Amino acid sequence: MSSRPRAAWPLVAVFTAGYLAAYLLPTIVGRLSVCLGLSTAQSGLVGSALLLSSATAGFTLAGRVETYGPRRPARIGLVLAMAGYGCAALAGSVPLVVMGAMIGGFGSGTATAVAASGIAAQRDPHRTSSLGLLSVSATAGALYLTIPHLGGGHRLPFASIALVALVVWPATARLGGAVPAGPTAPAAARLPHRRSGLVLAGGMLVWSMAQNALWGVSSRIGVDRVGLSEVTIGAVFAAALGAGLLGVMGAGVLGSRLGRAVPIGLGTVIIAASIVLSSSAGSLGQFATGEILWNTVYPVVLSYLIGLAASLDVRGRWAVLAGSTSSVGVACGPMLGSVLSEQAGYPVMGLILGALTLLVAAPVTAVALHTGGRPLVPGSVRRRGGAPAALLAVTTGAVPGAVPKLGAPEQAVTEISLPVRRRRPVRGAFRTAGPAGGAGQSNAYASTSDR
């Protein structure tokens, strides 16, 4: 337990390297379209191939990270990211770019799976996931401010991701090694909360697909519908990601005081409205408002979803599986957004994506209510027939730390039945009832009371 706080920052670094490709997706898709002569749908398909490869890595590693140890898979993922994205940056032909993007995507997914498993084992998964989103948002925001001024075509976004993977490499030395074989190795166990986990994974698939359908074509909306330059769009995205930093910091401060259901449900409704506003924007003000509001709330909800998935299984299997299904949705997003925008136009696309987002809000919020618990307030934990436990701790002078603080998630209580062995009575222990005097009475009392 003492090593977990020290292991948090390497996980945040690996999380940043794994998630960065999805955050840079708009500029990757936009530059592939402009610099390689691909259509919007074709460039979106390349982005989908990258993210689908990332999801494949997550499904492959689900439940296996602790067997191999986090250090080796993390290093393999970072090497694949450096090699794949580096190849895509140096290549000038479409097949080589696609191959490099898919190899790099598999590396990104491997790094993300390692980070997700480690986050689930932390004392506070939501705090660690918030730090990870804070780091990747800051990194992507800085790149959105610099990439438009440097040119470089499609090469610069891929080279940036490879460079971040190289910078993160030294942090893997702080990750643990393989689990030794023998009785100390964790035994395989059945996935807990299977129904809730499946609902959450399916909801995150649709939720992520709707988000990244818009995110993948956001740059095209700014260019085609609003008439903005790449520099202006980059500034809007940087401001939006900066607002996302504030949102993630606010989520970290808020923690679990409101539980997970309220931030997930209310945040998803705000996201749906932001999608409609951004996709139907006709001016810089509307476009910037929609993107900034959307990117402020999106990482907040995502941090609670990651924390919810991590809370379902301390070994991190649901965190990896839910993250991988989310990556499938992320992979399908650019292609869906490109097809909808070409066939129906950007405003209709926004309405469809907003409706999909609202559609998954109810089941995902229900999972948060069912498994995430309520915030611990006076009266939420009661002894049978007695006063609230928090109130009793204050009035009876309980030992500090024996009772959870106000605002902490309510802990589940499980009743355990123990077999009780009944002793057969000894016949000599009982005597005939009746008046007895003197020593006889005292002896009878002694023989029954001593047993």
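Keep in mind that the numbers below use all heavy atoms, side chains included, and drop hydrogens, waters and symmetry copies. If you read the sequence from its start, that first residue is 1, and numbering goes on from there. Not measured: the values here are computed from a predicted model.
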Nearest heavy atoms of L133 and F15, plus distance in Å: N-CE2, 3.8 Å
CZ-OG distance between R31 and S219, expressed to the nearest 0.5 angstrom: 10.5 Å
Within the 6.0 Å centroid threshold, strictly below: W207 and Y298: yes
Contact summary for A238 and G141, nearest pair of heavy atoms: CB-O, 3.8 Å
Between CE on residue M249 and OG on residue S137, distance to nearest 0.5 Å: 10.0 Å
Nearest non-hydrogen partners of T16 and S135, listed with the distance: OG1-OG, 2.7 Å
Y19 and L302, any side-chain heavy atoms less than 4.5 Å apart: yes
Check against side-chain contact (heavy atoms from CB on, under 4.5 Å), I233 and V226: CA-CA 10 Å; I233 294 174; V226 188; over 6 Å; no
Short side-chain donor-acceptor distance under 3.5 Å, R75 and T172: yes
Any Y346 side-chain heavy atom under 4.5 Å of R220 side chain: yes
Separation of L143 CG from T27 OG1 (nearest 0.5 Å): 9.5 Å
Audit row: S108, Y85, side-chain hydrogen bond (donor to acceptor under 3.5 Å, both in side chains) steps and yes/no: CA-CA 10 Å; S108 294; Y85 295 128; 2.8 Å; yes
Only pairs under 3.5 Å count here: list side-chain donor-acceptor contacts from residues 263-275, not counting sequence neighbours, and write none if there are none.
{"unit_1": "T268", "atom_1": "OG1", "unit_2": "I264", "atom_2": "O", "d": "2.6"}
{"unit_1": "S274", "atom_1": "OG", "unit_2": "I270", "atom_2": "O", "d": "2.9"}

Pairwise side-chain contact, I352 with L340, heavy-atom cut-off 4.5 Å (strictly under): yes
Interatomic distance, R225 atom CZ to S278 atom OG [nearest 0.5 angstrom]: 10.5 Å
pair L166-L78: side-chain heavy atoms closer than 4.5 Å: no
Test side-chain contact (heavy atoms from CB on, under 4.5 Å) applied to L336 and M349, step by step: CA-CA 9 Å; L336 176 64; M349 178 201 71; over 6 Å; no
Spacing of L131 atom CG and L11 atom CG [to the nearest 0.5 Å]: 10.5 Å
Any side-chain heavy-atom pair of Q211 and T357 under 4.5 Å: yes
P10 backbone acceptor or donor facing R174 side chain under 3.5 Å: no
Distance (rounded to the nearest 0.5 Å) between L52 CG and M102 CE: 7.0 Å
Backbone N/O of A361 and side chain of T365: donor-acceptor pair under 3.5 Å: yes
side-chain contact (heavy atoms from CB on, under 4.5 Å) evaluation trace for V360 with L356: CA-CA 7 Å; V360 300; L356 281 176; over 6 Å; no
Residue pair H154 / A91: nearest heavy atoms and the distance that separates them: NE2-O, 3.1 Å
Heavy-atom pair of closest approach, residues I28 and A21: CD1-O, 4.2 Å
Sidechain-backbone polar pair: S54 side chain, G109 backbone, donor-acceptor under 3.5 Å: yes
Side chain to side chain, L51 and L25, heavy atoms closer than 4.5 Å: yes
Pairwise side-chain contact, L214 with I221, heavy-atom cut-off 4.5 Å (strictly under): yes
Flag side-chain contact, heavy atom, 4.5 Å: V94 against V98: yes
Residues T56 and S53: side-chain donor-acceptor under 3.5 angstrom: no
For the student: nearest non-hydrogen atoms of L24 and P157, plus distance: CD1-O, 4.3 Å
Check against side-chain contact (heavy atoms from CB on, under 4.5 Å), S279 and L353: CA-CA 10 Å; S279 59; L353 297 180; over 6 Å; no
Where at least one partner belongs to residues 293-311, residue pairs that pass salt bridge (Lys or Arg N to Asp or Glu O under 4.0 Å), sequence neighbours excluded: none
